[in-house]
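What follows is one structure encoded as structure tokens, with my remarks underneath.
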Amino acid sequence: MLDPDQLLNGLNDAQRQAVATVEGPVLVLAGPGSGKTRVLTHRVAYLIGVVGVPAWHLMSVTFTNKAAKEMKERLGGLIGPAALDQLTIGTFHAICARLLRRETQALPFDDRFVIFDTDDQLRAVKQAMVDLNLDEKTYRPQSVLGAISSAKNELIRAEDFVAPSYWHEVAGRIYKRYQTVLRANNALDFDDLLLETALLLRDDESVARRYRERYGFLMVDEFQDTNTAQYAMLRSLSAAEDKDAPHNLCAVGDEDQSIYRWRGADYRNITRLRKDFPGIKVILLEQNYRSSQTILDAARAVIDVNAHRTKKALWSELGDGDKLTLFEAYDEQEEAAYIVREIQRRTAGGGRYGDCAIMYRTNAQSRVLEDAFVRAHIPYQLVGGTRFYERREVRDMLAYLRFVHNPRDEMALGRIINVPPRAIGPKALTTLAARAQAAGQSLWEALCSLAADEIPDELLPPAAHLDARGRGALVRFQQLMAEAIANRDLLPADQLLDQLLDLSGYARWLKDGTEEGQDRWENVQELRGLALDYHHLSPQEGLGAMLESVALASDTDAMGQGEGDRVTLLTLHSAKGLEYPVVFMPGLEERILPHSRSIDDPESLAEERRLFYVGLTRAMRKLYLMHVFRRTLYGSSEMAEPSRFLRDLPAGSLEQRSKSGVVTPNNRSATARSSATTWAPSRPPQTQAGASAAAAPAAASNKAQLKAGDRVRHSHFGAGVVVSSAVKDGDEEVTVAFVGGAGVKKLMQRFAKLEKV
DNA sequence: AACTAGCATTTTTTT
DNA sequence: AATGCTAGTT
């Protein structure tokens, strides 16, 4: 038993209430940095240690493995390992997968089902479209998959799919066929895990009752990110309809941080929850333990523009702190250079690299930054980007393992049958499919009977006839896989992988002497290292366990915080839940944040605003907001307009910088001062009138002011020599070779502020 | 069947 | 700019 006072000590009133209100439903609206993880862990500890609820009655659901892991770690210290073992903590998908494997007797798949990732899903859609004889141009598999996925998230099965348009009618047909493909492969996709669980709990009262009785206490983190299926599942588990049931559901969330609408999340589930549980106790966590008041005020001003939400008044005891710095750079290189300079300045003054994070909208933005960091010898860590499990070689080897584990997995088969190239092309594949069809076999069975020479060609339709070459290639493949399958219960996963790498010729194929081949080989070895974690299990269980955990894992959690003192580069999406003393947000421009794809839909725009809000509230002490005058996007350089969100920042919280120093209200132009909003570009006054900067004065003298050989100075790059200059559309474009590390740069004289020396 | 050149596309990310 | 896919060539 724990001492309640000790447990609740150090929590504020609202937090304490959230922890100790254990009867009836609770909704905790937790602003950023308000200690929600703390509340969740302490609540679990309170239930177990103070109220005396057996640990196996508790379920705590998260969205990411990382969050689940963090919760386990923090709980370990509070309740001890024994209780921790009995708790159900995990992601929605992991919990659903486990539940479904236990309940397969009433379901159209067996407990060895595999989980299809996005790549497999796409293959399955394509397969379905081939079956239905549909053209991939008119119906893009990606879009069809999107439609299927949204339907599943809305709990709509293929047979219930209602088509509002002809396109959807076709999509509905593909959906049905797609499910057939999935079932034939004994596979579920990510969305199925949720849908099947939600529908099972909704429609099978006896199963639902069993789980309701077991899980008397539910806790959900990031509730604003739930979709309809997840919501339905929680609703069933907490018996919303049953007035006499205790429904001890505790949902923690923040509608202002809902940034996953595009994958089915619906923050209105928060409103729905309040309606479904009329007596729900709503607790607001408004005290922020992370950021300075200045940062919170700025964030609040930005988010308060969004309508239909519970306004929260975030406050902090950490004082006002520094103002936000708004910086306009000429282009993304200069933007990066500014970040480099600021980081160098801060570290020279005793700051740590690890205190700084750069948060951007799109992964593509990281490139320039990485470049600049490498040149400046600043250590950094990139989160996300091309992920480990998405690498071709890793997927290929996983497909080999998956196929060995479950020879019915034809998506895996499709992936590996001709990788490395072994003369099995589309022709041989269709013939094989025809043979399977004719004999009523799976592809693998057809391969086996081909190898055993069981069915003479004469008994099969002509489309299933094989020539000697095709037959030879297919039989060789069958033999190699048969050998691996024979060993699957004898060898642990890592040795099985070694064997496959060797037998399949994949190892030899990779090691082609190129640097890329070496890279890929190392990734395969890393995968092999992962397999070592399953040595304590029998080969059979080990392989299954490894494949499941890989299917449900991502590597953001594996990457961890990274070693050493480094700057972190990450997208705004992956920044959720994290905090850094110093945060840089580059690229605050129209078409980037808000993203061009979101600009004409108010709902998407509101979500972009929330994304900006998430970024702002990651910062503890210092925020740098930056935008450029000209940005290269998709290969072409265009004028960039500052993000509309910048206009909503309160005047008093900002400090503007130009390359030459701080811009105070006094030396700012009159137009900027008199405007209702506080944004004012730091470029020269004559261009402030509008984006039509090409009409600006420098064009007046239609000849270049600098010529080759002139010595110049640039505020960032230092001294240099003009290589060439020309007037283009009224802008003087100067190519300068800088002395030192900066190299040769093309600059617009007027904005780069080159000084002649 | 394997290789290659030209063409279109371009968010965010977890599971 | 870079990537991935299709269609055409070897």
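Proteins come first, then strands; the chains are lettered A, B, ... in the order of their sequence lines, and each starts at number 1.
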- Which one, dA1(B), dT11(B), dT13(B), comes nearest to the side chain of A423(A)? dA1(B)
- Separation of dA1(C) atom C1' from D371(A) atom CG, nearest Å, is 13 Å
- From the options dA2(B), dT15(B), dA1(B), select the nucleotide whose nearest atom is closest to the side chain of N65(A). dT15(B)
- dA2(C), dT14(B), dA1(B): which one has an atom nearest the side-chain heavy atoms of R263(A)? dT14(B)
- Message: Please determine whether a side-chain nitrogen of the Lys or Arg among R157(A) and E196(A) lies less than 4.0 Å from a carboxylate oxygen of the Asp or Glu.
- Response: yes
- Contact class for T118(A) vs. all strands (heavy atom < 4.0 Å): base, sugar-phosphate, or nothing? base
- Query: Checking side chain to side chain contact (heavy atoms under 4.5 Å, CB included) for the pair V419(A)/R415(A): CA distance, chi angles, key distance, verdict?
  - Reply: CA-CA 7 Å; V419(A) 179; R415(A) 176 158 200 118; 6.0 Å; no
- Let me know the distance between NZ of K69(A) and P of dT15(B), rounded to the nearest Å. 12 Å
- Query: In whole angstrom, what separates N153(A)'s CG from dT14(B)'s C1'?
  - Reply: 12 Å
- Query: Is N418(A) touching bases, backbone alone, or none of the nucleic acid, heavy atoms closer than 4.0 Å?
  - Reply: sugar-phosphate
- Query: In whole Å, what is the span from the CD atom of Q224(A) to the C1' atom of dT14(B)?
  - Reply: 14 Å
- Message: Quick check on dT13(B): is either OP1 or OP2 less than 4.0 Å from any side-chain nitrogen or oxygen of T571(A)?
- Response: yes
- Query: With a 4.0 Å cut-off on heavy atoms, is R610(A) in touch with a base, just the backbone sugar-phosphate, or nothing at all?
  - Reply: nothing
- Given atom CZ of R422(A) and atom P of dC3(B), what is their separation to the nearest angstrom? 14 Å
- Rounded to whole Å, CG of D225(A) lies from P of dT15(B) at a distance of 12 Å
- Message: If stacking means aromatic ring centre less than 5.5 angstrom from the base's six-membered ring centre, planes under 30°, is F92(A) stacked on dT15(B)?
- Response: no
- cation_pi(R101(A), F113(A)) dist<6.0 Å, angle<=45: yes
- Item | Whole angstrom value for the distance that separates P of dT13(B) from NZ of K66(A) | 13 Å
- Nearest-nucleotide check on DNA chain B, F190(A) vs R140(A); residue mapping nearer the 5' end is R140(A)
- Could you tell me whether R268(A) atom CZ has more than 12 heavy atoms of other residues or ligands within 6.0 Å of it? no
- For Q142(A) and dG4(C), what is the distance between atoms CD and P respectively, to the nearest whole Å? 13 Å
- Query: Distance from M59(A) atom CE to I89(A) atom CD1, nearest 0.5 Å?
  - Reply: 11.0 Å
- Note on the structure: Winner on side-chain proximity to R597(A), out of dT10(B), dT13(B), dT15(B), is dT10(B)
- Looking at residues at least two apart in the chain, or sitting in another chain, which of them share a ring-ring contact (aromatic ring centres under 6.0 Å, His included) with F612(A)? F645(A)
- Task: For F63(A), answer base if it contacts any base atom (sugar-phosphate contacts may also be present), sugar-phosphate if it contacts only those atoms, and nothing otherwise; contact means non-hydrogen atoms under 4.0 Å.
- Result: sugar-phosphate
- Proximity to the side chain of T64(A) - top-ranked nucleotide from dT15(B), dT12(B), dT11(B): dT15(B)
- Message: Quick check: on DNA chain B, is the nucleotide nearest H93(A) upstream (toward 5') of the one nearest E608(A), or the reverse? Name the residue that is more 5'.
- Response: E608(A)
- Message: Salt bridge or not between E70(A) and K66(A)? Use side-chain N to carboxylate O under 4.0 Å.
- Response: no
- Query: How would you list, by chain and number, every residue that makes a salt bridge (charged side-chain N to carboxylate O under 4.0 Å, His left out) with K576(A), sequence neighbours excluded?
  - Reply: E222(A), D225(A)
Close N or O pairs between protein and nucleotides 6-10 of chain C (under 3.5 Å):
{"unit_1": "dA7(C)", "atom_1": "OP1", "unit_2": "K137(A)", "atom_2": "NZ", "d": "3.3"}

- Message: Under 4.0 Å from OP1 or OP2 of dT10(B): is there any side-chain N or O of N363(A) that close?
- Response: no
